[in-house]
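Shown next, in structure tokens, is the structure this report addresses.
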2 protein chains.
Amino acid sequence: MQKTQTNVVTTLRQMILEEELAAGTRLAEIPTAEKLGVSRTPVRIAFRALEQEGLLTKLPGRGYEVRSVSVAEIIGAVEVRGVLEGLAARQAAENGLSDAHKSELQALLDLGDEILAGDELNEAELERYQQMNKRFHDIVIEAAHNPAIQAALSRNEHLPFASSSALAFDKKQMSKETKRFEFAHQQHHHVFYAMINGLGSRAEGIMREHANATLGYINNPRNTDELTVISERDRTRN
Amino acid sequence: MQKTQTNVVTTLRQMILEEELAAGTRLAEIPTAEKLGVSRTPVRIAFRALEQEGLLTKLPGRGYEVRSVSVAEIIGAVEVRGVLEGLAARQAAENGLSDAHKSELQALLDLGDEILAGDELNEAELERYQQMNKRFHDIVIEAAHNPAIQAALSRNEHLPFASSSALAFDKKQMSKETKRFEFAHQQHHHVFYAMINGLGSRAEGIMREHANATLGYINNPRNTDELTVISERDRTRN
DNA sequence: GGGTGTGATATTGGATCCAATATTATGCGT
DNA sequence: ACGCATAATATTGGATCCAATATCACACCC
């Protein structure tokens, strides 16, 4: 069999997220298919999937367009993630954590402590921290045993990263970013404590607040204060 | 142009929701296409879309299967809806309602009061109430001005109704059901009050709790008490 | 008699062809 | 010169054909 259409989806998604296809770029099936060296069929399926993910907008009769995502939209998506992960933490706490989840979370907490022990994060440590962080969140969602949460999150999986310029870390101010990670990782500890003690409401509250702190910080003039967490009040009205 | 593939999606979805295609039914592209009188292409697209919606499961190499949705899953989906609509109500309250939304919500509240004024709901009144209810919820979500909420809800749109046997109203006990509607509609009034007064946290709390009360009641032996709201504690562990 | 391998069949993924439609450009008439 | 109608073009949706793969059954061998 030839290239599977899943690969076309992946390829296009990556091109969008890495801004090889800039926001606003117009895409049609035939030119895209030719450029990727496949037929229209997998491209059609990919366009639909990416539209579903919120990365493409359909322009009826004129193809598709790479969606430009506003900062307000990203903040909105982060808030959605917050309530969903908050619910996950609550349900995980109420269900009780399995031994396997408990020990893996403990290991991840230790790993995070170790990564943050030094003075200022370098590239490699940043990468390791983010992997640890992703796994931590994934376990919380797993432990909720509620497939609807994963389903609801799937739409928001890529959207928050669609505008990397708005979300990019300020690498010139790595010491400030490092302090934010330290704060965020303290929240990991608190969530874990709440979960292993069956404190559903606390787990939910901390996790909901924490979502803002881990998905990335908005590079926004109004929001450069030390350890400021994005509040819904910062959203621009439309 | 022939039947659009959207119609195939709609047709199949309806067949699943109305249990014309029972849970567990195996579906393959070719027989389904022949049965519907279309080619494989729209069926392929429809299967993918319905898989995305959580109505079909892919059995690799053996086609698709109509998913059987457990009561626990439905309750999980309702809880997800609760936190998302709760967030929507909060953001609507914080953004402030437009005059158009205010007056339409007020009209819907009046309509609900009128429908519920009589003694016991008949079929037609039930239908009218549910339309009013759907519109009320849709406006709250609209007023949040957060597209991520709609995106997250889109996956859960149909799932809660996939198992109608578990969700069916007990028409033999219509007076009891009517009392539940009266309670739920009081919550509508409270959410509206909170929203027009900018009370984000109250709007969120009431709406979150209210989601349980409007999506339908689980026909579950453990949950037949008067005005009982589904709590997350009722979920069966797995 | 059981296990393994091979072949038949079911099923999906991709390519190409055709039909319908929406958008856009062009030209004609006023 | 402007507006409207018409034609050209771009674009998508559906149908069909071909290729690859996975499942399943059956037969053969040990």
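Throughout, a chain's letter reflects where its sequence line sits, starting with A, and its residues are numbered from 1.
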Show me the donor-acceptor pairs, under 3.5 Å and distance only, between side chains in residues 26-38 of chain A and residues at least two apart or in other chains.
| residue | atom | partner | partner atom | Å |
| --- | --- | --- | --- | --- |
| A:R26 | NE | A:R62 | O | 2.9 |
| A:R26 | NH2 | A:R62 | O | 3.2 |
| A:E29 | OE1 | A:R40 | NE | 2.9 |
| A:E29 | OE1 | A:R40 | NH2 | 2.9 |
| A:T32 | OG1 | A:A28 | O | 2.6 |

Between A:R90 and A:E94, does any NZ, NE, NH1 or NH2 come within less than 4.0 Å of an OD or OE carboxylate oxygen?
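Salt bridge flag = yes for A:R90 with A:E94.
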For a quick test of reading the model: is some side-chain N or O of [X] closer than 4.0 Å to OP1 or OP2 of [N]?
| X | N | answer |
| --- | --- | --- |
| A:K58 | C:dA22 | no |
| A:T41 | C:dG14 | no |
| B:R62 | C:dT12 | no |

From [atom1] of [X] over to [atom2] of [N], roughly how many Å is that when rounded to an integer?
| X | N | atom1 | atom2 | result |
| --- | --- | --- | --- | --- |
| A:R48 | C:dG13 | CZ | P | 15 Å |
| B:R26 | C:dA10 | CZ | C1' | 8 Å |
| B:I45 | C:dG14 | CD1 | C1' | 13 Å |
| B:I30 | C:dT9 | CD1 | P | 14 Å |
| A:E34 | C:dG14 | CD | P | 18 Å |
| A:E29 | C:dA15 | CD | C1' | 13 Å |

Between the side-chain atoms of A:R40 and the base atoms of D:dG13, is any donor-acceptor pair under 3.5 Å?
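Side chain to base: pair present.
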Sub-3.5 Å donor-acceptor pair from the side chain of A:E125 to the main-chain atoms of A:N122, do we have one?
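Present.
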Using the salt bridge (charged side-chain N to carboxylate O under 4.0 Å, His left out) rule, collect all pairs that involve residues 102-112 of chain A, keeping only residues at least two apart or in two chains.
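Residue pairs passing salt bridge (charged side-chain N to carboxylate O under 4.0 Å, His left out), neighbours aside: A:E104-A:R135.
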